[in-house]
Structures are given as C-alpha cells and as structure tokens.
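These notes concern the structure reproduced below.
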Amino acid sequence: MNTKFIRGTFFLTASTLISKILGFIYIIPFTALVGNSGYALYKYAYGPYTLMLSISTMGLPLAVSKFVSKYNGMGNYRAGQDLLKFGLYLMIFTGMLSSIILYSLAPFLAEMVISKHDSTGNKLEDVIYVIRLVSFALLIVPPMSLLRGYFQGNQSMGPSALSTILEQVVRVIFLVLGAYIVIKFGHSVTEAVGIGTFGAFVGAIAGLGFLTFIYHKRRSLIKKQVTDSDDSNQRIKPLPMFKELISYAIPFVLVGLAIPIYQNIDTFTINVLFQSIGYKQDQAESINSVIGLAQILVMVPVSLATAFGMSLLPGITSSYVKGNLKEVKEKMNKTFQILMFFTLPAAIGLCLLGKPIYIMIFGMNNSPVLGGVILQWYAPMAILFALFTVTASILQGINQQKKVIIGMFLGIVIKLILNFILLTNFKEVGPVLATYGGYMVSVLYNFYLIRKAINYKLFPLVRAFALPVSLVIVMSIVVLIANYLVTTYLATKLSMYHLAITTSLFCVFVGGIVYLGMSLKTKMLREVLVRRKNA
C-alpha cells in the first residue's frame with residue numbers, strides 16, 4: 001500500500017472527524033441563542049433536508065470514487081472525464097428537482113408538525129419559512145458531492161477532505177454569527193433559525209468553489225493524462241455508465257438513510273402523538289427538541305467508534321473476494337472488538353452521567369431535567385447504531401447488500417408501530433424505546449444474514465466481548481462512586497450548572513483513567529491496536 005494512498009485516507013478520515021466535531025460543537029451556542037423552541041424549528045427544516053440530500057446525491061461520492069478508480073486502473077482516463085461531464089448534468093438536474101420538491105412540500109411538512117388549533121409553540125408559517133430556506137442548499141450539494149467522488153477516485157483525497165472542512169467551517173460560522181447578530185438586533189428566533197438553515201447553502205457554495213478552483217488548476221494535467229493513454233481511452237455511453245454507477249450507489253444510499261429516517265420519524269410524529277394524549281404544542285416541541293439534542297450527543301461516540309471499525313472493512317472485502325472465509329471471520333471479530341472497545345464505555349458513561357453532561361453542554365434553559373432523563377435512556381443506543389452501521393457495511397463487503405435493505409425497512413416499520421404502542425405507558429421515553437426496538441430487529445437480522453452467508457459463529461464473538469464488558473462494569477462502579485462523592489460534598493457549595501460541569505469533567509476523567517489503565521493492565525488496548533494495524 002503506497003504512502004500517497006495512506007496519507008490520502010488519513011486526510012479523508014480526519015476531515016470527516018473534524019466535520020462531525022464541528023457539527024456537534026455549533027449546537028451548543030446555537031441552542032443557547034434560540035432555545036428549545038428554536039432548535040425544534042431547526043429540526044423541522046434540517047430533517048427533511050438531510051433525507052432529500054441523501055436521495056438527490058444518490059450515494060455518489062463513494063459510487064463515483066469506485067467507478068473512476070476502476071477505469072483509471074484499466075488505463076481508461078476518458079471514462080472518468082465522461083462521468084464527470086454527464087454526472088454534473090445529472091446532479092444539477094437532481095439538485096434542482098429535489099430543491100423544488102422540498103420547497104413545494106414545505107406547507108405539507110409544516111402541517112405534519114404544527115397544530116392549527118394550538119398557538120403555544122412555533123407557527124405554521126415559521127416552519128414553511130425555514131424549510132424553504134434550507135431547500136436552496138440542494139442546488140449546490142449534489143454537484144459538489146460528485147466532484148468529491150471524482151477526486152477520491154483519482155486517489156487525490158486532499159481536495160475532498162479540505163472542501164469538507166471548509167464547507168462545515170463556513171456553515172458553522174455563518175450559522176452561529178448570523179443567529180447571534182439577528183438576536184442581538186432584536187429580530188425573532190424564527191429569523192435566527194432561518195439564517196441557521198441558510199448556512200447549509202453558504203457552506204456548500206464555499207465547498208463547491210474550492211473544488212472547482214482545484215479542478216481548473218489541474219485541468220491541463222488531466223487533459224494530458226487522457227491524451228497520453230489514448231489507446232485505452234474508450235468512451236462509455238451515458239446510459240451504461242449511469243446504470244453501472246447506480247448499481248454501486250443504491251446500497252450506499254439506502255443504508256445511509258437509516259439514521260435520518262429514524263430521526264425524521266421522531267421529528268414528524270412526536271408532536272402529533274403527544275398532543276393526542278393531552279400535551280400542548282410547546283410541550284411536545286420541547287420533547288422533540290430534547291430527543292434531537294440527545295441524538296447528537298449519542299452520535300459522537302458512534303462516529304469515533306465506527307471510524308476505527310470501518311477502517312478494517314476493505315480488508316474483509318478483499319479476503320472474501322479471495323475466498324478466504326476464515327480470514328473474513330477473524331477480521332470481523334477484530335472489527336467488532338474494536339467497535340465495542342470504544343463504543344461501550346462511551347455509551348455507558350453517557351448513560352450514568354446523562355443529567356450533568358446534558359446540563360454542562362446545553363445549559364439550564366433547554367429542559368435540563370427532561371434532557372438528562374432522555375439522554376440516560378438514549379445513550380446505550382450508541383451500541384446499536386454502531387453495530388448496525390458496521391454489520392450493514394460487512395454485508396455490502398460480502399455481496400449481500402440487497403438483503404440489508406429488508407432488515408432496515410423491517411426495523412423502520414417496528415419503530416413506527418412502537419412509537420404509537422409505547423406512548424401511553426412510557427410518555428417521553430416512548431420514542432426512545434421504539435428506536436431500540438427498530439434497531440434491534442435490524443441488527444439481529446444483519447447478524448442472521450452474516451451467519452447464513454459465511455457460517456459465522458456468534459459464540460466466539462460473545463466471548464471476545466467478555467473482557468470489555470468486565471472493564472466497563474468496573475469503570476461504571478468507579479464513576480458512580482465519583483459522582484456520589486462530588487454531589488455529596490459540593491451540592492450546597494455550587495450552583496446546579498457549575499456542579500454539573502464539575503461532576504461531568506471529574507467523573508469522565510476518573511472513568512477514562514480507570515478504563516484505559518485496566519485496558520493497558522490486561523493488554524487489551526495493545527491487542528486492539530495491534531489487531532487493527534495487522535488487519
């Protein structure tokens with residue numbers, strides 16, 4: 001494996017990680033400015049935007065990368081150029097179409113979350129306004145995604161990585177600064193949220209502009225590459241090209257849609273469900289907002305864990321293609337062990353410290369009591385989120401991608417049904433438990449498919465989980481003792497907010513030291529890192 005590829009992959013992984021961190025950090029000042037009601041309004045716009053974005057881009061960064069890489073390897077550099085040309089036409093068309101659809105659907109989507117007979121929360125016209133503003137970003141992001149895939153397919157990860165960071169940095173600065181200026185000059189929260197949603201368009205312009213600049217800078221080199229290998233450069237007709245591209249893209253799209261679909265189910269059903277059992281619009285929106293904030297916190301450890309685990313998946317695919325099933329199973333065990341090593345302590349730690357961590361991050365004005373309870377219940381979902389992502393990717397690697405879709409939709413149906421069934425008895429925690437039910441079905445189905453496809457035994461995997469589970473139990477006991485000591489001795493000396501900060505930082509530090517210390521002592525950390533290196 002050459003140094004250029006390793007360096008490029010590192011840049012791409014680092015940029016994704018930085019982008020996700022920035023995507024988490026901005027929520028803190030943004031919610032402080034607009035509050036629960038404002039964040040709920042932001043969710044109403046960003047939820048459907050994320051879904052439309054996934055559909056309109058059709059999983060292109062990965063699919064285009066695979067296509068360009070394949071034909072470059074055959075010496076046919078013209079195929080990549082043809083794809084870029086016709087692909088841009090397609091992306092401009094799908095971008096325009098998805099933007100028009102989302103803009104037109106705004107009144108219908110608004111009516112799904114806002115009651116005309118209850119004026120205690122956001123208004124119908126507010127939701128229409130923010131959805132229509134975010135729809136403009138769909139004009140820019142699809143062609144930008146295609147360009148990123150093109151650069152990645154040419155083993156040039158730098159432009160893609162830097163454009164990802166630039167897009168997020170510009171979006172976050174525009175969002176936070178714009179919302180602050182709007183609020184500072186006495187305008188409404190709705191206008192502040194509108195500025196926030198429009199930040200997606202501004203960030204996309206920055207990302208696309210950077211990629212276009214780099215492409216034009218390299219244009220003469222690209223043309224030379226095409227002309228120098230003229231014998232191999234055969235044109236591919238647009239129809240076969242798109243057929244091949246879509247065959248690569250569809251599995252990536254559908255699996256990537258899982259989490260956004262679950263989040264949108266909550267966003268667009270919670271208000272109606274809770275109002276049906278006597279809650280006011282503003283109370284339902286508060287629950288909606290808090291569940292969204294809890295999801296953001298839970299996705300942080302998931303992103304970190306899957307970044308480590310997913311790095312082993314190309315090796316699994318390679319071993320499967322060679323027919324070495326024993327090696328496939330070994331690499332899968334290593335992947336799951338790495339996943340659990342990072343996800344389990346983070347998920348349980350968030351569960352144990354749900355209330356202080358929620359207050360530390362989102363302050364005292366964003367339903368701290370409700371937020372703490374929901375975060376405690378939601379935190380262990382990180383394990384199922386991570387397992388679904390990795391098992392779905394493994395199934396794609398062993399050529400079972402079509403069957404993944406069945407499990408995903410089974411889980412979504414279960415989630416929808418449980419949202420209704422669990423509401424009366426479990427109230428605010430009902431939608432969280434429904435998510436557990438849906439994802440549990442999907443994950444178990446994925447494991448069933450893996451077991452059936454390669455005769456994969458689960459018992460060795462359960463045995464491999466025994467050590468991290470033992471370490472997490474010890475860590476949990478230490479965290480609970482630390483939490484008790486801090487709250488007992490400092491509860492009367494500090495305000496609730498400062499107590500939450502002190503408790504969170506101290507307990508996370510102590511828990512982290514204990515977990516890492518025991519991992520080193522039992523040689524588990526070394527084993528995980530060595531296995532990842534050798535995989």
Side-chain angles (χ1 to χ4, degrees), residues 35-51 105-124 126-128 130-131 257-299 354 358 366-381 384-385 408-442:
N36 264 2
S37 176
Y39 183 69
L41 188 59
Y42 181 79
K43 267 187 77 185
Y44 301 151
Y46 228 77
Y49 163 74
T50 306
L51 275 178
L105 283 176
F108 170 74
L109 294 170
E111 286 176 8
M112 288 178 69
V113 290
I114 300 298
S115 170
K116 294 178 181 177
H117 311 294
D118 189 338
S119 59
T120 58
N122 287 299
K123 295 181 177 63
L124 202 66
D126 296 340
V127 181
I128 295 170
V130 294
I131 291 175
L257 278 173
I259 291 175
I261 287 174
Y262 273 87
Q263 290 173 339
N264 275 279
I265 287 171
D266 283 338
T267 299
F268 286 94
T269 62
I270 281 175
N271 291 2
V272 175
L273 287 172
F274 279 96
Q275 284 177 284
S276 71
I277 59 170
Y279 284 67
K280 295 288 186 185
Q281 174 79 31
D282 61 342
Q283 292 173 318
E285 286 193 317
S286 219
I287 297 165
N288 208 332
S289 176
V290 165
I291 288 176
L293 294 173
Q295 285 169 346
I296 290 167
L297 283 173
V298 169
M299 290 309 295
Y358 185 91
N366 286 299
S367 306
V369 176
L370 177 63
V373 171
I374 286 179
L375 181 56
Q376 284 182 314
W377 281 92
Y378 212 112
M381 261 307 302
L384 288 178
F385 281 146
M408 187 186 87
F409 281 109
L410 273 174
I412 289 167
V413 170
I414 296 295
K415 160 70 175 171
L416 277 167
I417 294 168
L418 290 178
N419 257 21
F420 288 92
I421 293 173
L422 299 176
L423 183 70
T424 307
N425 292 325
F426 294 96
K427 300 291 190 298
E428 292 88 349
V429 179
V432 177
L433 297 178
T435 304
Y436 275 98
Y439 262 94
M440 184 67 76
V441 168
S442 296

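The structure displayed is predicted, hence computed values, not measured ones.
Leu124 contributes atom CG, which lies 7.0 Å from atom CD1 of Ile114 (distance to the nearest 0.5 angstrom). Atom CD1 of Ile414 sits about 12.0 Å away from atom CG of Asn419, to the nearest 0.5 Å. Rounding to the nearest 0.5 Å gives a distance of 7.0 Å between OH of Tyr436 and CG of Leu384. With rounding to the nearest 0.5 angstrom, the CG atom of Leu51 is 9.5 Å from the OG1 atom of Thr267. Here the CD1-CG distance, from Ile128 to Leu105, works out to 11.5 Å after rounding to the nearest 0.5 Å.
Here the closest heavy-atom approach between residue Tyr46 and residue Thr50 is recorded as O-OG1, 2.7 Å. Shortest non-hydrogen contact noted between Pro48 and Leu109 is CB-CD1, 3.9 Å. Smallest separation of non-hydrogen atoms from Leu422 and Ala434: CD1-N, 3.7 Å. Minimum heavy-atom separation, Ile131 to Ala45: CG1-CA, 3.7 Å.
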Going through the distances and angles, do Tyr42 and Val130 end up as a side-chain contact (heavy atoms from CB on, under 4.5 Å)?
CA-CA 7 Å; Tyr42 181 79; Val130 294; over 6 Å; no
Verify side-chain contact (heavy atoms from CB on, under 4.5 Å) between Ile287 and Ile291, making sure each step is shown before the conclusion.
CA-CA 6 Å; Ile287 297 165; Ile291 288 176; 4.0 Å; yes
Dump the intermediate steps for side-chain contact (heavy atoms from CB on, under 4.5 Å) on Leu293 and Tyr358, then the final yes or no.
CA-CA 9 Å; Leu293 294 173; Tyr358 185 91; 3.4 Å; yes
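In this structure, Asp126 contributes its side chain and Lys123 its backbone to a donor-acceptor pair below 3.5 Å. Side-chain N or O atoms of Tyr262 include one that pairs as donor or acceptor with a backbone N or O of Gly411 at under 3.5 Å.
Taking the side chain as every heavy atom from C-beta outward, Asn366 and Val290 never approach each other to under 4.5 Å. Using a 4.5 Å cut-off on side-chain heavy atoms (C-beta onward), Asp266 and Thr435 make contact.
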Could you pull out every donor-acceptor pair under 3.5 Å between side chains of residues 423-433 and any protein atom, sequence neighbours left out?
{"residue": "Lys427", "atom": "NZ", "partner": "Thr424", "partner atom": "O", "Å": "2.8"}
{"residue": "Glu428", "atom": "OE2", "partner": "Tyr279", "partner atom": "OH", "Å": "3.2"}

Can you give each donor-acceptor pair under 3.5 Å made by side-chain atoms of residues 368-381, sequence neighbours left out, with the distance rounded to 0.1 Å?
{"residue": "Gln376", "atom": "NE2", "partner": "Cys351", "partner atom": "O", "Å": "3.4"}
{"residue": "Tyr378", "atom": "OH", "partner": "Gln295", "partner atom": "NE2", "Å": "3.2"}

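Sorted by first and then second residue, the side chain to side chain donor-acceptor pair (under 3.5 Å) pairs with a member in residues 285-294 read Asn36-Ser286, Asn36-Ser289, Lys43-Asn288, Tyr44-Glu285, Asn122-Glu285, Asn271-Asn288, Gln281-Glu285, Ser286-Ser367; sequence neighbours excluded.
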